[in-house]
Amino acid sequence: MKGFLRKSVINAVSLYIVSQVLSGLEIQGGVPTFILAGAVFSVISFVGRPILTIITLPLNLITLGAFSFIINVALLYLLTIFIPQISISPFTFEGFSLSGFVIPQFSFNLFFAYVACSVLLSIVFSFLTWLTKK
């Protein structure tokens, strides 16, 4: 129970951070929605990830594990279905420039918006999990 609660809080904080960084992820409803979304995402991950991993095992073997990102996208899509206050929409990255290093402006369609949100959510979740280890 303690592990589930910790994972739910980390998921809620991760969703908050990603919603602040990416304009394509919108969450209405405030703190109660983040807490509910963290708990629901933990349950979806606990139940859905092993099922989807077994179903997509051949594709995961063929792509040497790269297909696991699509599993994360599917779990995020399920979260947006279960909690209607969470929506992901297409967005435009404004670009970035630092000391001669330039990333140009480009747009994400809906699928790649889900992929970008999923990748950033995984990175933030892993970082916060690493920070909270004993």
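In what follows, every heavy atom counts, from backbone to side chain, and hydrogens, waters and symmetry copies are set aside. In this text the structure is predicted, and so the values were computed from the model without any measurement. Counting from 1, the numbers follow the sequence of the chain as shown.
The side-chain hydrogen bond (donor to acceptor under 3.5 Å, both in side chains) test applied to S23 returns no partner, not counting sequence neighbours. In this view, T33 satisfies the side-chain hydrogen bond (donor to acceptor under 3.5 Å, both in side chains) rule with no residue, not counting sequence neighbours. For Y114, the side-chain hydrogen bond (donor to acceptor under 3.5 Å, both in side chains) test picks out T80, with sequence neighbours left out.
Looking only at distances, a side-chain donor or acceptor of T63 sits under 3.5 Å from a matching main-chain atom of F67.
Inter-residue side-chain proximity for L128 and T132 is flagged as unmet; no heavy-atom pair is nearer than 4.5 Å. L75 is listed as a side-chain neighbour of F41, based on a closest heavy-atom distance under 4.5 Å. Side-chain contact between L79 and L15: present, with at least one pair of heavy atoms (C-beta onward) separated by less than 4.5 Å. Between N60 and S68, the closest side-chain pair of non-hydrogen atoms falls below 4.5 Å.
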Note to self: Does F34 form a side chain to side chain contact (heavy atoms under 4.5 Å, CB included) with I27? I'd like the steps, not just the answer.
What the structure shows: CA-CA 8 Å; F34 284 108; I27 301 177; 3.4 Å; yes
Next item on the list: Kindly indicate, with the supporting measurements, whether the criterion side chain to side chain contact (heavy atoms under 4.5 Å, CB included) is fulfilled by I86 and L25.
Entry: CA-CA 7 Å; I86 298 176; L25 177 62; 3.9 Å; yes
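L64 belongs to no hydrophobic cluster with other residues, because no ILVMFWY side-chain heavy atom falls under 4.5 Å from its own, directly or through intermediates. Other cluster members for I62: none, since no ILVMFWY side-chain heavy atom sits under 4.5 Å from it.
Taken from CG in L36 to CD in Q85, the straight-line distance is 7.5 Å, to the nearest 0.5 Å.
In the hydrophobic cluster analysis, where Ile, Leu, Val, Met, Phe, Trp and Tyr join through side-chain heavy atoms closer than 4.5 angstrom, F4 is grouped apart from I44. Under the 4.5 Å side-chain contact rule for hydrophobic residues, F127 and L22 share a cluster.
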Please list, one pair per line, the donor and acceptor atoms closer than 3.5 Å that link side chains of residues 117-126 to other protein atoms, with sequence neighbours excluded.
residue	atom	partner	partner atom	Å
S122	OG	N72	ND2	3.4
S122	OG	S118	O	3.0
S126	OG	S122	O	2.9

